[in-house]
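Order of the sequence lines sets the chain letters (A, B, ...), proteins ahead of strands, with each chain counted from 1. Below, each value reflects all heavy atoms present in this structure, side chains not excepted, and no hydrogens, waters or symmetry copies.
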Amino acid sequence: MSESETPRFRYTAALANEIEPRWQAWWAEHGTFHAPNPSGDLADPAHPRAGAPKLHVQDMFPYPSGAGLHVGHPLGYIGTDSYTRYKRMAGYNVLHPMGFDAFGLPAEQYAVQTGTHPAVTTAANVERYKTQLRRLGLAYDDRRSFATTDPEYYRWTQWIFTQVFNSWYDEKIHKARPIPELIAEFEAGTRPTPEQPWSELSPVERRKLIDDHRLAYVSEAPVNWCPGLGTVLANEEVTPDGRSERGNYPVFQRSLKQWMMRITAYCDRLIEDLDTLDWPEPVKLMQRNWIGRSKGAHVDFPVGADTITVFTTRPDTLFGATYMVLAPEHELVDKITPAEWPAGTNRAWTGGHDDPGAAIAAYRALAAAKTDEERTESKEKTGVFTGAFATNPVNGKEIPVFIADYVLAGYGTGAIMAVPGQDERDWAFAEVFELPIIRTVKAPDGFEGAYTGEGPAINSDWLDGKGIAEAKAAMIAWLELHGHGRGATTYRLRDWLFSRQRYWGEPFPIVYDETGLPIALPDEMLPVVLPDVDDFSPRTFDPDDANSEPETPLSRKKDWVNVELDLGDGLKSYTRETNTMPQWAGSCWYELRYLDPKNEKELVGAENEAYWMGPARDGDSGGVDLYVGGVEHAVLHLLYARFWHKVLYDLGHVSSFEPFRKLFNQGYIQAYAFRDARGVIVPAEEVVERDGKWFYNDAPVTREYGKMGKSLKNVVTPDEMCEQYGADTFRVYEMAMGPLDVSRPWETRAVIGSQRFLQRVWRLVVDEETGALRTTDEPLEPAVRKHLHRTIAGVREDMDELRFNTAIAKLIELTNTLTPLPSASREAIEPLVLMTSPFAPHLAEELWRKLGHQDSLAYAGFPEADPAQLKAESITYPVQVNGKVRGRVEVTPEASESEVREAALAAVAEVIDGRTPKKVIVVAGRLVSVVI
RNA sequence: GCCCGGGUGGUGGAAUGGCAGACACGGCCGCCUUAAAAGCGGCUGCCUUACGAGGCGUGCGGGUUCGAGACCCGCCCCGGGCACCA
């Protein structure tokens, strides 16, 4: 494009790139987006929104990776920015902060490779992100920004850990309480101690007993230990064949002392409080499934002198239990297995072995050799008889006990009672092993296979005829009465493994004394600052040495590990905990710190927390008003954050019992990638389309669809878009291309449409040739005025529902109506500029200034529609005859139904052709339907 | 296999059970220009057309209704999640 021939004052990328940094600087200088707190150092009674209704909107904060942002990342940020700019103009005191989740593995791995300290990498990445976000004109209150790696921030992460450590869950009142109250109950004898009375316990025994009750506790837990890498790996980092994804070294399961968090204590509340939340149903469902509460019963089956306890959700089917299955790894297997097969053992049950011991050993070897995937994918049921029989407590029948890998050692009790009549897996197994099948729920006539539906009990003695729910309750009562079992609830959710053998994470505020028991450091010793180390590489071992001991990076820093502290009984030697916290820790509570980021005395001041996040009414959970992020965090992040929040609530530190009242999942922006004939990815930018086919350097290429990424050579960055079009155009395009929650492909060539729209808006105010103000004070034509007010009403409605794409479509329509008019009337243009400002804030500020306003429009009132202008002057009714539109009539809005009917029938008289309509339906304000 | 989303023009997408395809991209035509770009204006679901219009159209097959893209039943396809959860 030749610069000299473009009109001098046209809105171009060059002009946008002049306007945008100028307004960004102006906003920063004037603190335009500072939100006032009710109290503390961020209070500001003179602020235009001090004391106004509040709105707390938050994005899931990013991990600042070295690659920087691509155009998909800021989609949600621009959405919340547009929404909050609108709400701020509409009168709300808006809190919209942004921070950085900056602890994490990539920076540590980069450090291992290059020796660069993760703090250096992280700081550089945070700066880069900040620059990129600033360039987009996002209206954050920058005083409230932080990174989870800031010692002033993780001081409070550590403080929360000590709060969790110093509390226990009181099952009676379903609430966490401080540890001193537990000690008081033990001392007073109001709470029994398990073996000896409290007074007879030694100090160390007392500490162990208390430690067993803490919400944060040390336990042996299995981990994936990879000696070749010298690190413990997450499950995702282990390949299905049990090797490390990186380096392909063997990985061993071994147990290690680990910090755990007792999230299972909160299972019921985590499930039940979902009902109070305005979250997408699929996310709630995923959380419910993840927690996996099942109600049923534990039932005891005697086997000789031993007892196999099973968990079942269907105690009502106990009469149909015809065999039992233990997980191959179950501890009772060896005890109950006899030396010989019982007389008359079915050949099919023995696996062809001469005695049960050999059969079990062979089956275990077989199961162990299978990967988890093979074990779970195989549809065919395998297993082997143990040679033992158990007694079904309800009818005294002897039933055989098998081992089979379809029963998982890690779930429930690792043993099941098998009811083939009502369970598909048991049915399949029973068919293979020729086991009896007894139906205990009446199946519909002709039904084949396991019946899991509702029906009356049959073949069940005293349960016969009862429905499932009634039969369950009756059976549980019977089991409890006769001592054969008890009602029980089990959960799939496990306690949260909270320690990592890494460097780049929050150190634990924990030391150990000579007893080896943990002690939480007092508040005044926080933060425990992460020390510098010289070498970030873990110590590696012989890849096959399963018995090697993992060594954390911090454990090698002896002068840090060994400390002298006065914890109340004089200076003593202690050793520090050398694990660090997982990346989840910092993101588990950051929503609270934004409220009061500078508070050095408390995590968050009570008044500030109550104002921004407190419950709005009885029964309301409180929490962030709108939390926007991807569904990939549906379970872990959101569950952990809810758990911590509830602990803080129980201990009285916050007034809200949920962190996020409303959740919105934004979609993803994805992109096409292209491969040449060799299957090699080619740069997407240089691929051209001709007749529905794609070519790179004139050679045909194939197209695929997926995430943006370096390896697919299809990354488009916001920086490029800002250069080529300006941030405002980029923002408008992202918001206009579809609803926020829908994923869609990126298409750079379509961005031009948003630029054309902004150019037309600009041209309504500024003469492109002279730069003079074009806007006049002439009043609008009545029809245009009506269009304006319809637009205002529609845009407000769309904005409230986060339907930015349709709001922008309405603004474009208004603009296209105004563009050809002889006079650019201020009456329409000022509202148009204000309504465009949430999407294109720099352009709007610039035009607002040109229109003669001295201040930012950030606090100008959002236009309001005049109800009188929303009334239509006439209504056009389409007239359908047998479902097809055959004519239309225009009537006044006041026309009565019979008038509309008459007019409509007259309009289609020709089609009706003298016939008598069977039916005439007049839908007020909509249409007329004639049936003949 | 189970659970959750979703299938509408060449493309992204609009549409409280009431005129399907708003708005935008792309394409075609025109204005401006020596020319091109930018900008502006028009046309653009498919088929037929005597240019008035008519027929067919929201993954497929049924149904409810005066009326279905939307509601119900049965399938097909795509995307995401879970993995024998007793």
Side-chain angles (χ1 to χ4, degrees), chain A residues 1-2 5-7 10 12 280-283 285-286 289-290 292-294 296 310-314 317 324-325 327 372-373 375-379 381 404-408 410-419 422-426 428-429 490-492 631-632 634-635 665 667-668 670 689 691-692 705 732-733 736-739 741-757 759-760 763 768 803 805-813 815-816 819-820 876-885 888 917-921 923-932:
Chain A
M1 187 198 314
S2 153
E5 292 178 40
T6 306
R10 172 166 294 171
T12 59
E281 277 308 319
V283 175
L285 193 71
M286 279 194 247
N289 290 344
W290 190 261
R293 177 166 68 183
S294 24
V310 304
F311 176 76
T312 175
T313 56
R314 297 291 303 274
T317 63
M324 298 188 75
V325 186
D372 274 1
E373 263 176 36
R375 240 172 111 151
T376 55
E377 264 175 17
S378 63
K379 290 277 165 292
K381 292 284 177 279
D405 61 6
Y406 83 97
V407 173
L408 310 175
Y411 186 77
T413 61
I416 61 158
M417 62 177 214
V419 187
Q422 275 80 230
D423 184 288
E424 282 161 23
R425 296 156 301 181
D426 297 346
F429 190 88
T490 62
Y491 302 88
R492 200 189 84 115
V631 257
E632 72 270 23
V635 178
N665 292 126
Y668 300 103
Q670 300 193 303
E689 184 186 348
D691 311 319
Y705 182 55
V732 169
Y733 175 64
M737 68 195 287
D741 53 352
V742 171
S743 295
R744 61 213 105 132
W746 177 260
E747 194 181 3
T748 296
R749 67 176 181 175
V751 177
I752 190 72
S754 299
Q755 186 170 45
R756 287 181 191 144
F757 161 54
Q759 271 175 351
R760 291 198 290 274
R763 205 154 35 227
E768 287 190 332
R803 294 191 305 244
N805 54 329
T806 50
I808 290 172
K810 290 179 175 78
L811 293 174
I812 292 174
E813 281 179 284
T815 304
N816 293 349
T819 297
T876 303
Y877 281 88
V879 185
Q880 292 183 348
V881 178
N882 289 347
K884 295 229 185 299
V885 178
R888 48 193 81 231
K918 280 191 202 136
K919 211 170 189 180
V920 180
I921 296 151
V923 185
R926 282 292 177 185
L927 56 48
V928 182
S929 183
V930 181
V931 189
I932 48 178

Report which part of the nucleic acid [X] touches: base, sugar-phosphate, or nothing (heavy-atom distance under 4.0 Å, all strands).
X       : value
R492(A) : base
R293(A) : nothing
A809(A) : base
N816(A) : sugar-phosphate
T819(A) : nothing
Q759(A) : sugar-phosphate

Please report the distance separating the [atom1] of [N] from the corresponding atom of [M], rounded so that it comes out in whole Å.
N      : M      : atom1 : result
C3(B)  : A83(B) : C1'   : 11 Å
C4(B)  : C56(B) : P     : 37 Å
G52(B) : G63(B) : P     : 39 Å
G18(B) : A70(B) : P     : 12 Å
G12(B) : G61(B) : C1'   : 30 Å
G74(B) : U48(B) : P     : 39 Å
G6(B)  : G42(B) : P     : 36 Å
G7(B)  : G13(B) : P     : 9 Å

Is the closest side-chain heavy-atom distance between [X] and [Y] below 4.5 Å?
X       : Y       : value
R926(A) : Y877(A) : no
Q670(A) : P745(A) : no
M417(A) : F311(A) : no
Q880(A) : I921(A) : no

| task | Syn or anti for G42(B), please, going by whether the chi angle lies within 90° of 0. | result | anti
| message | Is G9(B) syn or anti, taking syn as a glycosidic angle within 90° of 0? | response | syn
| said: Looking at E424(A), I'd like to know if its CD atom is crowded, meaning that more than 12 non-hydrogen atoms belonging to other residues, nucleotides or ligands lie closer than 6.0 Å. | reply: no
| query | Quick one: salt bridge (Lys or Arg N to Asp or Glu O under 4.0 Å) partners of R293(A), sequence neighbours excluded? | reply | D268(A), E272(A)
| message | One character per nucleotide, please: for nucleotides 13-20 of chain B, 5' to 3', B when the base has a protein heavy atom closer than 4.0 Å, S when only the sugar-phosphate does, - otherwise. | response | SS-B-BB-
Between [options], spot the one nearest the side chain of [X], thanks.
X       : options                : answer
I812(A) : G81(B), A24(B), A86(B) : A24(B)
K919(A) : A24(B), C84(B), C66(B) : C66(B)
Y411(A) : A86(B), C40(B), C4(B)  : A86(B)
I752(A) : C66(B), A86(B), G26(B) : G26(B)
F311(A) : C3(B), G39(B), A86(B)  : A86(B)
E813(A) : C25(B), C23(B), A86(B) : C23(B)

| query | Where each residue is assigned the nucleotide of RNA chain B containing its nearest heavy atom, which of R749(A) and T413(A) is assigned the position nearer the 5′ end? | reply | R749(A)
| message | Closest-nucleotide mapping onto RNA chain B: is A415(A) or M286(A) further toward the 5' terminus? I mean the 5' end. | response | M286(A)
| Rounded to the Å, how far apart are Q755(A) CD and A37(B) C1'? | 14 Å
| field | Nucleotide G1(B), atom C1' - distance to CG of N289(A) in whole Å | value | 15 Å
| said: Tell me whether the side-chain N or O atoms of K810(A) pair up with the base of C23(B) as donor and acceptor below 3.5 Å, since no angle test is needed here. | reply: no
Short question: side chain of [X], backbone of [Y] - any donor-acceptor pair under 3.5 Å?
X       : Y       : result
N805(A) : M737(A) : no
Y733(A) : A750(A) : no
N289(A) : G292(A) : no
R10(A)  : E768(A) : no
R744(A) : V742(A) : yes

| message | Would you say the rings of Y668(A) and W746(A) are close, in the sense that their centroids are separated by under 6.0 Å? | response | no
| C85(B) phosphate, OP1 or OP2, under 4.0 Å from T313(A) side-chain N/O | no
| request: Give a yes/no answer on whether the side chain of R425(A) brings an N or O atom under 4.0 Å of OP1 or OP2 in A86(B). | output: no
| message | Defining pairs by Watson-Crick or G-U wobble geometry with both distances under 3.5 Å, how would you list the stems of RNA chain B with at least three pairs each? | response | B:1-7 with B:76-82, B:10-12 with B:23-25, B:26-31 with B:39-44, B:45-48 with B:53-56, B:59-63 with B:71-75
